[in-house]
Amino acid sequence: MRHQWEEPERARLQLSLLRWFRTHRRDLPWRASRDPYRIWIAEIMLQQTRIAAVLPYYDRFLRNFPTLRALARARQEKVLRLWSGLGYYTRARNLHRAAKEIVCNHGGKFPHRLRDALALPGIGRYTAAAVLSIAYRLPLAALDGNVARVLARLGAIRGDLRVPRRWQRLAGGAEHLLARQAPGDWNQALMELGETICTPQNPRCKDCPVSRFCLARARRLTREIPAARRKRAAVNVRIACAILADPRGRTILVREPGAHDSVLFSRLWQFPAVEVRREPLTELGNHLRKLWGFGSPPARLEALPTLRHPVTFHKATLLPFMARVAKLPHLAGTRILALNQILELPVSSATRKIAAVAVSGSA
DNA sequence: AAGACGGGGTC
DNA sequence: GACCCAGTCTT
């Protein structure tokens with residue numbers, strides 16, 4: 001990749017892609033301004049997450065926290081609630097912490113220096129480069145999954161792009177190729193190309209503005225590049241959970257995840273749950289007895305439809321059980337609220353799914 | 001260098 | 001159902 005495009009070839013490639021971007025640039029909410037705060041929020045939400053998934057969250061988040069200072073002032077519970085369903089909840093926790101640090105150490109303004117940005121929690125090389133190049137026009141190349149794929153094809157780089165050695169090489173190529181007169185546009189152009197044209201499968205080379213520079217295309221390697229990521233073997237888990245309903249239609253949520261289900265419930269509010277080894281009903285009953293302490297948990301648990309919830313390599317089968325109880329216990333680390341109002345607490349998608357079957361099951 | 005961390009679009 | 005995404009952090 002290094003020195004692959006010497007002048008004037010490099011300048012031609014840059015102009016071709018930048019011209020294409022000016023006409024194909026989509027109107028996305030975070031492109032409406034160059035406010036570093038708004039760009040930062042977008043970049044964090046977009047980590048490992050598609051644009052379509054982010055869209056409904058982005059505007060709502062900015063309405064609730066219009067400024068960096070507003071975010072820094074907020075309660076973490078509210079930040080997580082607005083992140084609820086988006087996944088990778090550490091991002092929200094880090095975002096909140098970083099906002100506080102920026103208020104304390106940088107006067108409430110997103111830092112201009114690369115090393116200051118990198119020192120913030122949740123901001124790595126990619127995000128720092130993206131925010132600083134777009135908001136402040138700093139000449140930093142943003143290397144993400146899309147850009148890596150585009151560069152690998154342009155330079156006919158084979159093998160797993162994620163191995164550090166190869167990623168470093170791609171980063172070098174990205175720096176070399178960076179259009180320094182318009183780094184923000186350049187980075188976004190590369191990402192946009194990767195997402196809409198230079199896609200993982202069936203790239204639309206016919207529509208590609210830089211196909212004539214592409215070594216993979218010349219060598220008919222677009223299908224081989226990039227190499228597939230190696231995948232981890234799936235692990236099956238069964239989780240039994242209890243939806244308890246009192247006469248007023250309220251239920252109880254807990255925030256004491258067992259070690260096994262942290263990935264499912266992400267240390268957010270959840271229904272009382274236990275990983276099933278043998279017999280769901282018995283084991284869930286035991287779990288509830290422990291939760292209740294010396295009181296008496298519900299006697300009859302009614303099975304609701306089973307749910308599948310795959311997350312990463314975990315293939316979870318959720319076994320929801322519903323029980324009517326006369327009175328819910330008031331315990332530390334628990335919350336009692338109406339079943340149809342659990343979205344007022346930060347919960348994972350698994351908890352949302354369970355609540356949905358419970359609502360339809362109890363109707 | 002490898003693993004953990006969510007969720008859903010897309011083919 | 002598999003693949004993979006506008007990655008970062010920990011071990």
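Chain naming here is simple, since letters A, B, ... match the order of the sequence lines and numbering starts at 1 in each. Everything numeric in this text was worked out from a predicted model, so none of it was measured.
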Just checking A:Arg149: base, sugar-phosphate only, or nothing, at a heavy-atom cut-off of under 4.0 Å? sugar-phosphate
Would you say B:dG7 has OP1 or OP2 under 4.0 Å from some side-chain N or O of A:Ser349? yes
Take atom C1' in B:dG6 and the same atom in C:dC5, then report the distance between them in whole Å. 12 Å
Determine the interatomic distance between C1' on C:dA6 and the same-named atom on B:dG3; round to the nearest Å. 22 Å
Checking side chain to side chain contact (heavy atoms under 4.5 Å, CB included) between A:Ile243 and each of A:Leu253, A:Leu339, A:Val357, which is the one that passes? A:Leu339
Rounding to a whole Å, what distance do you find between A:His314:NE2 and B:dA4:P? 7 Å
Starting from P on B:dG7, measure out to CZ on A:Arg91 and report it in whole angstrom. 10 Å
B:dA4 OP1/OP2 closer than 4.0 Å to side-chain N/O of A:Thr90: no
Would you kindly say whether A:Arg97 and A:Asn94 are connected by a side-chain donor-acceptor distance under 3.5 Å? yes
Any side-chain N or O of A:Gln48 under 4.0 Å from OP1/OP2 of C:dG7? yes
Does A:Arg93 CZ have over 12 foreign heavy atoms under 6.0 Å away? yes
Just how far, in rounded Å, is P of B:dA4 from CZ of A:Arg162? 16 Å
Using a cut-off of 4.0 Å on non-hydrogen atoms, how would the nucleic acid contact of A:Pro121 be classed: base, sugar-phosphate, or nothing? sugar-phosphate
Does either side chain, that of A:Thr199 or that of A:Arg149, offer a donor lying less than 3.5 Å from an acceptor on the other one? no
Using whole Å, report how far CG of A:Leu268 lies from C1' of B:dC5. 12 Å
Regarding A:Gln270 and A:Ser348, is there a side-chain donor-to-acceptor distance under 3.5 Å anywhere? no
Residues A:Glu6 and A:Arg12 bridged, charged N to O under 4.0 Å: no
Whole-Å gap separating P (B:dG6) and CZ (A:Phe313): 12 Å
Nucleotide of C:dC5, B:dG6, C:dC4 approaching A:Ala228 most closely (side-chain heavy atoms): C:dC4
On DNA chain C, check which nucleotide each of A:Leu118 and A:Arg31 is closest to and give me the residue with the more 5' one. A:Arg31
Does A:Trp83 reach a base, just sugar-phosphate, or nothing at all? Heavy atoms under 4.0 Å. nothing
Calculate the interatomic distance between A:Glu192 atom CD and C:dC5 atom C1'; express it in whole Å. 15 Å
Under 4.0 Å between any heavy atoms, over every strand shown, what does A:Ile123 touch: base, sugar-phosphate, or nothing? Just pick one. sugar-phosphate
A:Leu28 near the nucleic acid: base, sugar-phosphate alone, or nothing, with a heavy-atom cut-off under 4.0 Å? base
A:Pro164, nearest nucleotide to its side chain (from C:dA6, B:dG7, B:dA1): B:dA1
Comparing A:Val347 with A:Arg232, nearest DNA chain B nucleotide closer to 5' gives the residue A:Arg232
Using a cut-off of strictly less than 4.0 Å between a heavy atom of the residue and any atom of DNA chain B, enumerate the qualifying residues of residues 124-142 of chain A by number. none
Applying a 4.0 Å non-hydrogen cut-off, can you work out what A:Asn202 is touching in the nucleic acid: base, sugar-phosphate, or nothing? sugar-phosphate
Look at all strands and tell whether A:Gly194 reaches a base, only sugar-phosphate, or nothing, counting heavy atoms closer than 4.0 Å. nothing
C:dC4 base to A:Arg50 side chain: any donor-acceptor pair below 3.5 Å? yes
Mind calculating the distance between CG (A:Leu46) and P (B:dG7) to the nearest angstrom? 17 Å
Within a reach of under 6.0 Å around CZ of A:Arg248, are more than 12 heavy atoms found that belong to other residues, nucleotides or ligands? no
Looking at B:dA1, I'd like to know if its phosphate oxygens (OP1 or OP2) sit under 4.0 Å from a side-chain N or O belonging to A:Arg166. no
Would you say B:dA4 has OP1 or OP2 under 4.0 Å from some side-chain N or O of A:Tyr88? no
What I want to find out is whether A:Glu279 reaches A:Arg238 closely enough, with some N-O distance under 4.0 Å, to be called a salt bridge. no
Side-chain donor-acceptor contact under 3.5 Å, A:Gln188 with A:Arg31: yes
Rounded to the nearest angstrom, tell me the gap between atom CZ in A:Arg93 and atom C1' in B:dC5. 11 Å
Side-chain donor or acceptor of A:Thr49 under 3.5 Å from a matching atom on the base of B:dG6? yes
Touch check for A:Tyr57, heavy atoms < 4.0 angstrom, all strands: base, sugar-phosphate only, or nothing? nothing
